[in-house]
Amino acid sequence: MSEAAPESPYPSKQQAGKDPYSIPLEEIDVTDGELFETDTLWGFFKRLREEAPVHYCAESEDGPYWSVTTFDDIVYVEKNPEIFSSEPTIVVPDPDPDFPLAAGFITMDGSKHDAHRKTVQPVASPNNLKRLEPLIRKRVGEILDGLPVGETFNWVERVSIELTTGMLATMFDFPWEERHKLTYWSDIATMGPDQLAEIGKDEDDRKNDLIACLEFFTDLWKQRTDKPQDGELDFISALANSAATKDMPPLEYLGTLILLIVGGNDTTRNSISGGVLALNENPEEYEKLRKDPSVIPKMVDEIIRWQTPLAYMRRTATRDTELGGKSIKRGDKVVMWYVSANRDESAIPRANEFLIDREDSKHHLSFGWGVHFCMGSRLAEMQLRVLWEEIIKRFRFVEVVGEPVRIRSSFVKGFSELPVRLHRT
Ligand code: HEM
């Protein structure tokens, strides 16, 4: 018999499952992870878009914050980083003053951000990706060929996690046998307090695990210092040998690693799972794919839009300003809900339908916008494209045969379980 999970440190807000229109507008709190776990978020965001596209929530677990929920307003915030800063953090909770781990350059503004981004960007450039694609395809093939046909198994564990862990190990040139450490650190770094409690851990355990992560990567850093690899770019060598980053303090190095690990891992993982679920929920779209696999690149865009694996990014107002007719004060938290913008009918035609051959398939906000636009977008798209090209060669149907289990987090939007069965014919 399995042990009961420890009780959550936070009580339910009692929003999930309720009619969103029955709750006073000012009491709605969309950072409530239960809305995401139960997939009942949609009506809440629809109401905010309709009635308060810039909405103030005075009380949440992490204090007051503004929600920005329409496509155009989010683009405005993204385009004005001098008013809406990425410092000190891009998540709603403020950094822990005893362990001020900033998540690398995603939490920086201005020239420092640009210099750090420029250091690692070549690793995810089209040329480097072209070089890596055959290896990634080979690893995809090995994973798919090892799956049991006709039996029920958890797609998240056997495919989504395995594949993204492998992809990441490739990008870091990380010791292959140890690659599962990357998954563990990614999970630990992003878990909310509820999820930490579920696996019997607390904030001190989290710190200790992340320090172990730093130690491991510091060894790799030392091995690669002053040894730039000819044409074979990896994230660690890039950081260890660039003038902008080679002297970064340990916590800044750790933050950059966490950014690259979480960026590469959780997001792609949940797009892989989300795509299988969306195709099952829309059988006519699955049929389109079977008839014409050349639709795969467009389908990949649509899966990423539909899933929106990172539901939001936070900014902090650097001065008093106005947005959507509301007065935002200096220091206020401003949360850009990509998950809502991606269903905003005023910006995306038929936004609430999953259409794998969507005309303007790249018109979405899952990768953000502007100076912080996702640095790994091409890598993620390539990983998903290669995966679906290889799936379609082998299986007629990846059938979802049970209820998915969703993660209790309003930041990383994804799954811990997706029971499936494979059919060749
Ligand atoms: C489907 C997969 C992915 C999604 C949905 C995604 C989403 C995002 C989002 C929303 C941002 C912030 C954009 C903004 O603030 O405007 C971001 C930034 C970033 N992502 Fe991704 N990401 C994905 C895959 C990856 C991969 C594979 C990597 C590579 C390891 C990566 C690395 C980064 C980095 C380094 C940044 C910071 C960019 C900056 O601050 O300049 N991401 N991503």
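Just so you know, ligand 1 is whichever comes first in the structure, and atom 1 is the first atom listed for that ligand. Just so it is clear, the structure is predicted and the values come from calculations on it, not from any experiment.
- Close approach of ligand 1 to S271 (heavy-atom distance below 4.0 Å) involves ligand atoms 1 (C).
- Every atom of ligand 1 is numbered from 1 in the order shown, and the set under 4.0 Å from a heavy atom of E78 is 14 (C), 15 (O), 16 (O).
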For R314 and D62, run salt bridge (Lys or Arg N to Asp or Glu O under 4.0 Å): C-alpha distance rounded to whole Å, both residues' side-chain angles, the deciding distance at 0.1 Å, then the answer. CA-CA 12 Å; R314 164 188 157 183; D62 301 299; over 6 Å; no
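- When heavy-atom distances to ligand 1 are checked against a 4.0 Å cut-off, W369 comes that close only through its backbone atoms N, CA, C and O.
- Taking a cut-off of under 4.0 Å to the non-hydrogen atoms of R315, the atoms of ligand 1 that pass are 14 (C), 15 (O), 16 (O).
- No salt bridge links K13 with D32; every basic N to acidic carboxylate O contact stays at or beyond 4.0 Å.
- Between D209 and K181, none of the side-chain N atoms (NZ, or NE/NH1/NH2) sits under 4.0 Å from a carboxylate O, so this pair counts as no salt bridge.
- The proximity of R117 to ligand 1, defined as any non-hydrogen pair under 4.0 Å, is limited to the side chain.
- Atoms of ligand 1 lying under 4.0 Å from any heavy atom of P309, numbered from 1 in the order shown and given with element: 5 (C).
- Ranking protein heavy atoms by distance to atom 40 (O) of ligand 1, first place goes to H372 ND1, 2.6 Å.
- Of all non-hydrogen atoms in P148 and R158, the two that sit nearest each other are CD-NH2, 3.7 Å.
- S366 O, 3.2 Å is the protein heavy atom nearest to atom 10 (C) of ligand 1.
- Atom 35 (C) of ligand 1 has its closest protein heavy atom at F105 CZ, 3.6 Å.
- Contact between K413 and ligand 1 is absent, with no heavy atom of the residue lying under 4.0 Å from the ligand.
- At a heavy-atom cutoff of 4.0 Å, ligand 1 is contacted by no atom of Q383, backbone or side chain.
- Heavy atoms of A124 stay at 4.0 angstrom or farther from ligand 1.
- Shown here for I143 and V159, the closest heavy-atom pair between the two residues is CG2-CA, 4.3 Å.
- Under a 4.0 angstrom heavy-atom cut-off, G370 registers as lying outside contact with ligand 1.
- Here E252 pairs with K112 in a salt bridge; the nearest charged N to carboxylate O distance falls below 4.0 Å.
- With a 4.0 Å heavy-atom cut-off, ligand 1 is reached by the side chain of H113 but not by its N, CA, C or O.
- By the ring pair (Phe, Tyr, Trp, His ring centres under 6.0 Å) test, W388 pairs with no residue at all, sequence neighbours left out.
- Ligand 1 places these atoms under 4.0 Å from at least one heavy atom of L260: 30 (C), 35 (C).
- Remark: P349 engages no residue in a side-chain contact (heavy atoms from CB on, under 4.5 Å) (not counting sequence neighbours).
- Contact annotation: for V371 versus ligand 1, heavy atoms closer than 4.0 Å belong to the backbone alone.
- For Q121, no heavy-atom contact with ligand 1 is shorter than 4.0 Å.
- Of all protein atoms, those of element N, O or S that lie under 2.8 Å from atom 21 (Fe) of ligand 1 number 1.
- A salt bridge links E78 with R315: at least one charged nitrogen is closer than 4.0 Å to a carboxylate oxygen.
- Judged as a salt bridge (Lys or Arg N to Asp or Glu O under 4.0 Å), and not counting sequence neighbours, D332 has no contacts.
- Between K138 and E142, at least one side-chain N (NZ, or NE/NH1/NH2) sits under 4.0 Å from a carboxylate O, which counts as a salt bridge.
- Other residues, nucleotides and ligands place no more than 12 heavy atoms under 6.0 Å from the NZ atom of K46.
- Looking at E133 and R137, a side-chain N of the basic residue comes within less than 4.0 Å of a carboxylate O on the acidic one, giving a salt bridge.
- Here the closest non-hydrogen pair linking I407 and S416 is CG1-N, 4.1 Å.
- Looking at atom 14 (C) of ligand 1, its nearest protein heavy atom turns out to be Y338 OH, 3.4 Å.
- Around atom CD of E389, more than 12 heavy atoms belonging to other residues, nucleotides or ligands sit under 6.0 Å away.
- When hydrogens are left out, the protein atom nearest atom 11 (C) of ligand 1 is M313 CE, 3.9 Å; that is the closest non-hydrogen contact.
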